[in-house]
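Residue numbers start from 1 in every chain, and the chains themselves are labelled A, B, ... in the order their sequence lines are given, proteins ahead of strands. Values in this document were obtained by computation on a predicted structure and should not be read as measured data.
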Amino acid sequence: MPELPEVETVVRGLAPLLVGRKVRKLEVLDPKLDLHPSRLPRNRMIRRVHRHGKEIIIDLSQRGKPQKPLWLCVHLRMTGKLIWTPPPSAPPERHLRARIALDRGDLLFVDARRFGTMRLMSDLAGAFPPGLDPLAPEFTPAALADLLEQSIQAIKPWLLRQDRLIGLGNIYASEILFAAKIPPTRPAGSLTPDEIRRLHRHTRHLLERAIKYCGTTFSDFRDERGRSGRFRRFLKVYGREDDPCRRCGRPVQRLVQQGRSTFCCPACQK
DNA sequence: ATTATATCCTGATCGC
DNA sequence: TGCGATCAGGATATAA
């Protein structure tokens with residue numbers, strides 16, 4: 001499940017491979033994708049590859065007069081992958097949904113579950129959820145406190161809300177709360193200043209550390225060259241129901257909040 | 001404002 | 001070996 005660290009891993013891997021390349025052809029293999037190849041002019045050059053939350057943004061804007069803004073936006077959702085292959089073109093891959101032929105190499109959008117999205121946009125206003133990026137300098141304990149204020153929602157599902165913070169998903173939400181020693185069921189607005197500081201610190205710290213290890217591969221995630229992330233071995237609670245807590249040895253508990261699994265240690269998170 | 005539920009979708013897993 | 005049921009969850013939509 002690609003969350004912020006996994007998306008950041010893909011973006012950092014793709015940027016040097018894609019920037020400066022020209023798009024020769026866009027092939028759409030999955031009609032479910034709302035993508036019209038005719039909207040992508042031939043030989044557009046890739047200017048920049050970056051991230052907004054969990055969205056991958058490939059900037060195809062043409063400078064000059066008149067300016068022609070254009071972005072290819074990719075959200076991997078559950079099982080999506082953006083795979084770069086060197087020339088010559090690789091044999092067709094299972095679950096291939098779109099292929100972007102470049103002047104050197106191909107970019108493949110592969111996605112077994114077909115939840116992922118790929119869109120061509122000429123305007124990014126309103127294209128993404130409005131939450132704050134937890135790696136941005138604006139993400140401070142005070143900013144987090146402002147966001148949390150008044151909310152009676154349990155903190156774990158609150159962390160998944162992309163209109164508050166962008167980029168967190170089910171794995172890191174549980175891990176962050178364990179690291180911050182906060183019970184997942186606590187109402188978001190009830191966190192003490194000290195808990196908010198811990199939540200802020202561990203959110204930053206965990207995401208940065210996960211990026212250092214190129215993300216978490218629980219089952220599906222692969223980077224732009226098909227490699228797994230290496231952060232899974234550092235997970236303390238996610239996917240470890242009934243296994244001993246790495247801090248206190250008592251069994252890790254799984255609960256369901258808003259239809260999603262939450263993992264925690266009831267003894268350590270009080 | 002928040003919660004629950006359904007939807008999308010398919011591979012993996014489980015019980016029989 | 002196979003078959004159907006269930007689960008996984010990011011995001012959105014709708015109802016309560």
Side-chain angles (χ1 to χ4, degrees), chain A residues 1-11 28-35 51-57 73-82 93-98 109-119 121 124 126-134 146-177 184-191 207 210 215-222 226 228-229 231-232 235 237-243 252-264:
Chain A
M1 305 131 252
E3 305 179 28
L4 187 154
E6 291 73 38
V7 174
E8 183 67 24
T9 296
V10 172
V11 163
V28 180
L29 298 136
D30 182 356
K32 195 192 157 197
L33 288 177
D34 184 25
L35 251 192
R51 174 185 69 74
H52 182 91
K54 301 175 192 171
E55 196 100 23
I56 298 164
I57 305 171
C73 300
V74 181
H75 197 306
L76 302 174
R77 296 285 177 98
M78 302 295 300
T79 55
K81 306 178 211 347
L82 275 183
E93 205 159 327
R94 199 153 126 86
H95 306 309
L96 183 63
R97 302 184 70 196
F109 182 37
V110 178
D111 182 11
R113 302 248 327 249
R114 300 169 70 207
F115 283 175
T117 59
M118 184 177 251
R119 316 176 275 173
M121 318 278 292
L124 294 185
F128 308 121
L132 178 60
D133 191 305
D146 281 349
L147 290 170
L148 291 165
E149 204 181 1
Q150 304 266 343
S151 174
I152 62 169
Q153 189 169 27
I155 185 62
K156 188 308 191 132
W158 188 94
L159 287 173
L160 300 180
R161 293 180 58 160
Q162 305 295 304
D163 61 339
R164 295 297 186 269
L165 298 178
I166 49 174
L168 297 182
N170 215 35
I171 296 176
Y172 295 108
S174 282
E175 293 297 320
I176 288 165
L177 290 174
T185 49
R186 283 282 301 283
S190 76
L191 268 55
L207 294 176
T216 301
T217 295
F218 200 78
S219 53
D220 295 296
F221 171 69
R222 295 292 185 277
S228 297
F231 195 67
R232 183 176 176 172
L235 298 183
V237 287
Y238 185 84
R240 300 191 63 248
E241 184 180 18
D242 296 333
D243 289 348
V252 168
Q253 192 176 86
R254 184 181 84 97
L255 54 146
V256 175
Q257 294 178 287
Q258 301 199 346
R260 299 286 178 263
S261 290
T262 298
F263 297 89
C264 66

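Residues satisfying the side chain to side chain donor-acceptor pair (under 3.5 Å) test with A/S261, not counting sequence neighbours, are A/R254. Checked against side chain to side chain donor-acceptor pair (under 3.5 Å), A/Q253 has no partners two or more places apart in sequence or in another chain.
Inter-residue side-chain proximity for A/K156 and A/N170 is flagged as met; some heavy-atom pair is nearer than 4.5 Å. Looking at A/L76 and A/F115, their side chains never come closer than 4.5 Å, going by heavy atoms from C-beta outward. In this structure the side chain of A/L191 reaches within 4.5 angstrom of the side chain of A/I155, judged on heavy atoms. At a threshold of 4.5 Å between non-hydrogen side-chain atoms, the residues A/L235 and A/E175 count as touching.
One finds the CD atom of A/Q150 at 12.5 Å from the OG atom of A/S190 (value rounded to the nearest 0.5 Å). Residue A/K81 holds its NZ atom at 12.0 Å from CZ of A/R97, rounded to the nearest 0.5 Å.
Here A/S219 lies out of heavy-atom contact (under 4.0 Å) with every strand. Among the protein residues, A/S261 comes within range of the sugar-phosphate backbone only, with heavy atoms under 4.0 Å from sugar or phosphate atoms but none that close to a base. Looking at heavy-atom distances under 4.0 Å, A/F221 makes no contact with the nucleic acid at all. Nucleic acid contact for A/R114: sugar-phosphate only, since backbone atoms but no base atoms lie under 4.0 Å from a heavy atom of the residue. Using a 4.0 Å heavy-atom criterion, one finds that A/L76 contacts no nucleic acid atom at all.
The phosphate of C/dG10 has neither OP1 nor OP2 within less than 4.0 Å of any side-chain N or O from A/H75.
Position along DNA chain C of the nearest nucleotide to A/P129 versus A/M78 favours A/M78 as the more 5'-ward residue. Both A/F115 and A/G259 lie close to DNA chain B; mapped to their nearest nucleotides by heavy-atom distance, the more 5′-ward contact belongs to A/G259. With DNA chain B read from its 5' end, the first of the two nearest nucleotides for A/Q153 and A/R260 is the one closest to A/Q153.
Along DNA chain B, the stretch of nucleotides lying under 4.0 Å from any heavy atom of chain A spans, 5' to 3', B/dT2 to B/dG11.
Remark: A/E55 engages A/R119 in a salt bridge, criterion side-chain N to carboxylate O under 4.0 Å. A salt bridge does not link A/R77 to A/D111: none of the charged side-chain nitrogens sits closer than 4.0 Å to a carboxylate oxygen. Remark: A/D163 engages A/R161 in a salt bridge, criterion side-chain N to carboxylate O under 4.0 Å.
The CD-P distance, from A/Q258 to C/dA13, rounds to 17 Å in whole Å. What separates CZ of A/F128 from C1' of C/dT12 is a distance of 17 Å, to the nearest Å. A/L4 places its CG atom 11 Å from the P atom of C/dA11, with the value rounded to the nearest Å.
A side chain to side chain contact (heavy atoms under 4.5 Å, CB included) with A/F109 is found for one member of A/L96, A/L33, A/L35 and no other, namely A/L33. The residue from A/I176, A/V237, A/L159, A/T262 that alone fulfils the side chain to side chain contact (heavy atoms under 4.5 Å, CB included) condition with A/P184 is A/T262.
A distance below 6.0 Å separates the ring centres of A/F218 and A/Y238.
One P atom belongs to C/dC7, the other to B/dT5, and the distance between them is 14 Å to the nearest Å.
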Just the table, please: protein N/O against nucleotides 3-7 of chain C N/O, every pair under 3.5 Å.
none

Taking Watson-Crick and G-U wobble contacts under 3.5 angstrom, with | marking pairs to another strand and [ ] crossing pairs, the secondary structure of DNA chain B is written .|||||||.|||||||
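In the region residues 157-166 of chain A, proximity to DNA chain C at under 4.0 angstrom, judged on heavy atoms, holds for A/Q162.
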